[in-house]
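Order of appearance sets the numbers: ligands from 1, and atoms from 1 within every ligand.
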Amino acid sequence: MCGIIGIVGKEQVADRLVDGLRRMEYRGYDSAGVCTVEGGQLIRRRAEGKLNNLVIELARNPAPGLIGIAHTRWATHGAPTTSNAHPHATGEVALVHNGIIENFKPLREALIARGRKFESETDTEVVAHLVSEQVEAGLSPQDAVKAVLPTLRGAFALAIAFRTHDDMLIGARLGSPLVVGYGEGETYLGSDALALAPLTQKITYLEEGDWVVITRDGAQIFDAANNPVTRAIVASGATAAAIEKGNYRHFMQKEIFEQPVVVAQTLRSYLRRVDQSVALPQIDFDLSTINRVTIVACGTSYYAGMVAKYWFEQFARLPVDIDVASEFRYRDPVLEPGGLALFISQSGETADTLAALRHCKAAGQTIAVVVNVPTSSMAREADLLLPTHAGPEIGVASTKAFTCQLAVLAALAAHLAVKRGQVSREEEAAIVNHLVETPAALNAALSHDEEIAAMAHLIAPARDVLYLGRGPDYPLALEGALKLKEISYIHAEGYASGEMKHGPIALIDEAVPVIVLAPSGPLFEKTVSNMQEVRARGGKVVLISDAEGIAEAGEGCLATIEMPKVHPLIAPLVYAVPVQLLAYHVAVAKGTDVDQPRNLAKSVTVE
Ligand code: F6R
């Protein structure tokens, strides 16, 4: 949430800063702003709402300068107004911030008592005043930042510009990501490598507590104890093309259609076709000794974890606890020796999940992380890193990251089952063969796109929609409801099919579409009974099943969507496609902002 960028350049920076923000708009889009330094002046331009409003403002009031900072905001403290937009500035200092300054209240009160005047409701503005106070007292920018950083609690990535320095910016990170980029006679700061992709491929990922002084000649990095340190310069690998829409109308649509390729890519790194086995990255501990798995994640990643719980228990006979990250730490969970704590995250930066990871690490658990950003904080803190290879996910609603997470989790379940002697070599080979079929099955599911688009108008007018599923399709029902809620703003709920009759059935009438996810198989009959209970009360059912299931129960439904007949192990990956497409087309039919739905941000780096 919130994207920041800074450039110490040899050419004008305003347009390039805005271009960097455009690449980070998925991180937040409540307001945006830039500040350049020129002729001993801080030149600040800010605008409420989408980035285009800032572009209009800059066209009216340009911000000249060879050095500057910029920000795209997801509001935490204070409404998304221009006065709360970053950069925040005093006469001497301007800064942009991603994260939360948790102790901003006492800091703010103390600053006000010392006569400082605030112009925003944000937590960030206190940092601008604190640094400014030191500069006004005669300290150098470096000494000012050094004095202020230890007084801040919470999470931050900062980029700070100084009125009297048109050759230097200072950055700092604690709990929020920040990278340094190296150009030809230019140096950059950014929230991620993607923001800097067109500027440079040479990147340093700052570590927790690091702060950095960047000039046109490069960067000087200090650790939390203010010792100069050397951090590796690596090739970022981020390409500008990876974050363009191509021929698609929305990033979400592009990412839904990328799934066969990225799931195949992900599976390739976990499956050995030669001997049809599952191969995890080299690790120096024995997974067969694991006696319990604790899964922790948020949102869509949590639903991937719910599916994995079925798999770990069914295949590996391992007991599994699962929690949403925001609840986990504070309920003081019992974590016994020998446990594997498994964290699932697209971004690898979600604050609640990261805090839960650190809690488990301190409690002596082995830490496994399924993550899409291999340079993220979670990836760096894992004992067992299980990357998904979904590529950058820009659409705020997670799609391809989810199916790639499921692919990794299925491979992990199979591997644990082998390690625990629960499946034979033949069974492992059979599992591998089923997984290998996934990309083709995803393609088959995607071929129903037009049909799903054509039925979106049946759902778009609804005020409420219910999703039902059983077994591993229950988390899919929850995921379907989440997708619909977040991009079409229609209220939706997911239920375990059998749970309907214990209350939610009271909601059913002809105005509430019910989406039933039910591949044919052992649980089908029971789900069909629940579906009949809905229909008997006038409910309008959309049945998503395979040909066999539709032949058996499709009659009288409002609509049916036919999925390929697949092995139950890969069904959750395949059935993710129609729920994603349905949410997507309903949102398009309603004319909402699919890639940037209101109030949301891609990476939630505050608790
Ligand atoms: C929903 C969605 C969110 C994320 C959640 C966790 O479409 O994208 O629910 O899944 O914020 O984010 P990560 O996976 O980055 O930890």
Anything under 3.5 Å between a donor and an acceptor, one on a side chain of residues 451-468, the other on a protein residue two or more places apart or in another chain? List them.
unit_1 : atom_1 : unit_2 : atom_2 : d
Glu451 : OE1    : His448 : ND1    : 2.8
His457 : ND1    : Ala454 : O      : 2.8
Asp464 : OD1    : His491 : ND1    : 2.7

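Under the 6.0 Å distance and 45° angle rule, Arg598 counts as a cation-pi partner of Tyr489.
The closest approach between any non-hydrogen atom of Thr399 and ligand 1 is not below 4.0 Å. Under the 4.0 angstrom criterion for non-hydrogen atoms, Lys483 is in contact with ligand 1.
One finds a salt bridge joining Glu208 and Arg173 here, because a Lys/Arg side-chain nitrogen approaches an Asp/Glu carboxylate oxygen to under 4.0 Å. Ion pairing of Arg358 with Glu381 is present here, as a side-chain N (NZ or NE/NH1/NH2) and a carboxylate O approach within less than 4.0 Å.
Near Glu486, meaning under 4.0 Å from any of its heavy atoms, are these atoms of ligand 1: 1 (C), 7 (O). Residue Ser301 has at least one heavy-atom neighbour below 4.0 Å for each of these atoms of ligand 1: 10 (O), 13 (P), 14 (O). Using a 4.0 Å cut-off to heavy atoms of Ala397, the atoms of ligand 1 that qualify are 7 (O). Every atom of ligand 1 is numbered from 1 in the order shown, and the set under 4.0 Å from a heavy atom of Val396 is 8 (O).
Ligand 1 has no nitrogen or oxygen under 3.5 angstrom from a nitrogen or oxygen of Gln405. For the pair Gln346 and ligand 1, the shortest N or O to N or O distance falls below 3.5 Å.
In this model, no donor atom of one side chain and acceptor atom of the other lie less than 3.5 Å apart for Gln580 and Glu255. There is a side-chain donor-acceptor pair under 3.5 Å between Thr388 and Asn372. With hydrogens and angles left out, the side-chain atoms of Gln405 and Ser301 include a donor and acceptor closer than 3.5 Å.
With a heavy-atom cut-off of 4.0 Å, Glu349 does not touch ligand 1 at all. Contact annotation: for Thr353 versus ligand 1, there are no heavy atoms closer than 4.0 Å.
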